[in-house]
Amino acid sequence: ICPRAMSLLESLLTGEDVRAVSVQDSTHLNGRLLLKCFLTHWVERYPSIHVFLYDMEEHRWTNGLAQGIRERMVLHCGYSQHWCGEKDSDLLKDFSVQKCVEAVGHAPLQEVAIIIDSVSTLLLHHTLSHVIRSLKLLGSKVASLLYLVHSDLHDSHVMAELNHVTFTRILLKSQEPTDNCTGQRGSCSLVHCKKSGRVVKKVRALWGVVSSLAPPLYLLGTG
């Protein structure tokens, strides 16, 4: 991974003003490791971190995480009743701000960080307007909100609406191989906008071979 990409990601991970962030990946370039990078940094910043899972089982999502990090977060599984506790079985069907706040419990919301994996699954079960409204309200209540969305599963209208939820977006895209690199390449773009919608910062960086992306990103999150 190139130094420029490492620099922009590290500045975002360790920055103080991280209110709402979206990670937009694709089926060819998974962004879940970035969620774990944020999680690893956030355990040192926020007293309460809640992860809402809708894409996979708990034991698969936590694979590779240090025990100390697992102990600091609270997982809420809405993926499958087979893997989830009874109290979590309706998290997907009844997704709402109220349900998320109830799941957080008595922790002060201004000290809570929430990670959602992923919004794409929520959109299979709820209307776009409901998801957008819920994310906006949730983001205004908690200290930080981070969510994953699989951009290649949605049309441009859906992505445009989701872009209004957060002011900071990380876009991961695969690139076609070149003559100098036979492996798959990837790019990472960081876009930060003001409330007016005007882009005030946009940085794009290229990675070499995508298969070599995971180790450096994971190390970035553990430093």
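Small disclaimer: the values here were computed from a predicted structure and weren't measured.
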Of all heavy-atom pairs linking Val149 and Ser120, the shortest is CG2-OG, 3.5 Å
One should read off an interatomic distance between Asp55 CG and Leu148 CG, to the nearest 0.5 angstrom, of 7.0 Å
Pairs in or reaching into residues 146-159: which pass salt bridge (Lys or Arg N to Asp or Glu O under 4.0 Å), with residues at least two apart or in two chains? none
Quick one: which residue pairs count as a side chain to side chain donor-acceptor pair (under 3.5 Å) with a foot in residues 156-165, not counting sequence neighbours? Gln24-Asn163, Asn163-Arg169
Quick one: side-chain hydrogen bond (donor to acceptor under 3.5 Å, both in side chains) partners of Ser151, sequence neighbours excluded? none
Test: salt bridge (Lys or Arg N to Asp or Glu O under 4.0 Å). Region: residues 110-127. Which pairs qualify, not counting sequence neighbours? Arg32-Asp117
Gap separating the NE2 atom of His41 from the OG atom of Ser144, nearest 0.5 angstrom: 13.5 Å
I would like to know whether Tyr147 and Ile115 meet side-chain contact (heavy atoms from CB on, under 4.5 Å); could you show each step before the answer? CA-CA 6 Å; Tyr147 68 78; Ile115 298 174; over 6 Å; no
Atom of Gly31, atom of Val23 and distance for their closest heavy-atom approach: O-CG1, 4.0 Å
Here the gap from Arg72 atom CZ to Thr40 atom OG1, rounded to the nearest 0.5 Å, amounts to 11.5 Å
Can you list every salt bridge (Lys or Arg N to Asp or Glu O under 4.0 Å) pair that touches residues 118-129, not counting sequence neighbours? none
Begin from the C-alpha positions of Val51 and Val74 and carry the test side-chain contact (heavy atoms from CB on, under 4.5 Å) through to its verdict. CA-CA 6 Å; Val51 182; Val74 180; over 6 Å; no
Check against side-chain contact (heavy atoms from CB on, under 4.5 Å), Leu146 and Ile114: CA-CA 6 Å; Leu146 169 69; Ile114 287 181; over 6 Å; no
Smallest separation among heavy atoms of Leu65 and Met73, with atom names: CD1-CE, 3.7 Å
Between atom OG of Ser48 and atom NE2 of His106, what is the distance when rounded to the nearest 0.5 Å? 12.0 Å
Check the pair Thr168 / Thr166 against side-chain hydrogen bond (donor to acceptor under 3.5 Å, both in side chains), numbers first and verdict last. CA-CA 6 Å; Thr168 304; Thr166 59; over 6 Å; no
Would you say Leu153 ends up clustered with Leu53 if hydrophobic residues are merged whenever their side chains have heavy atoms under 4.5 Å apart, either directly or through other cluster members? no
Are the side chain of Lys36 and the backbone N or O of Gly64 linked by a donor-acceptor pair below 3.5 Å? no
Contacts of type ring-ring contact (aromatic ring centres under 6.0 Å, His included), residue His150, not counting sequence neighbours: none
Residues at least two apart in sequence or cross-chain that pass salt bridge (Lys or Arg N to Asp or Glu O under 4.0 Å) with Asp25, listed by chain then number, are none
For residues 120-134, which residue pairs qualify under salt bridge (Lys or Arg N to Asp or Glu O under 4.0 Å), counting only residues two or more places apart or in two chains? none
Tell me, with the steps shown, if Leu162 and Val158 meet side-chain contact (heavy atoms from CB on, under 4.5 Å). CA-CA 6 Å; Leu162 286 173; Val158 172; 4.1 Å; yes
Taking every non-hydrogen atom, the tightest pair across Ile116 and Leu135: CD1-CD2, 3.8 Å
Return the CZ to CH2 distance between Arg70 and Trp61, rounded to the nearest 0.5 Å. 10.5 Å
Applying side-chain hydrogen bond (donor to acceptor under 3.5 Å, both in side chains), name anything that partners Thr62, two or more places apart in sequence or on another chain. none
Contacts of Arg60 meeting salt bridge (Lys or Arg N to Asp or Glu O under 4.0 Å) (sequence neighbours excluded), chain-then-number -> Glu57
With sequence neighbours excluded, what pairs up with Glu71 under the side chain to side chain contact (heavy atoms under 4.5 Å, CB included) test? Gln67
Side-chain contact test, heavy atoms from C-beta onward, threshold under 4.5 Å: evaluate it for Gln98 versus Cys100 and give yes or no. no
Mind checking side chain to side chain contact (heavy atoms under 4.5 Å, CB included) for Ser134 and listing every partner two or more places apart, or none if nothing turns up? Phe95, Val97, His130
Geometric class of the Tyr46/Trp42 ring pair [parallel <30°, tilted 30-60°, perpendicular >60°]: perpendicular
Distance col, row Leu123:CG vs Tyr54:OH, nearest 0.5 angstrom, shows 11.5 Å
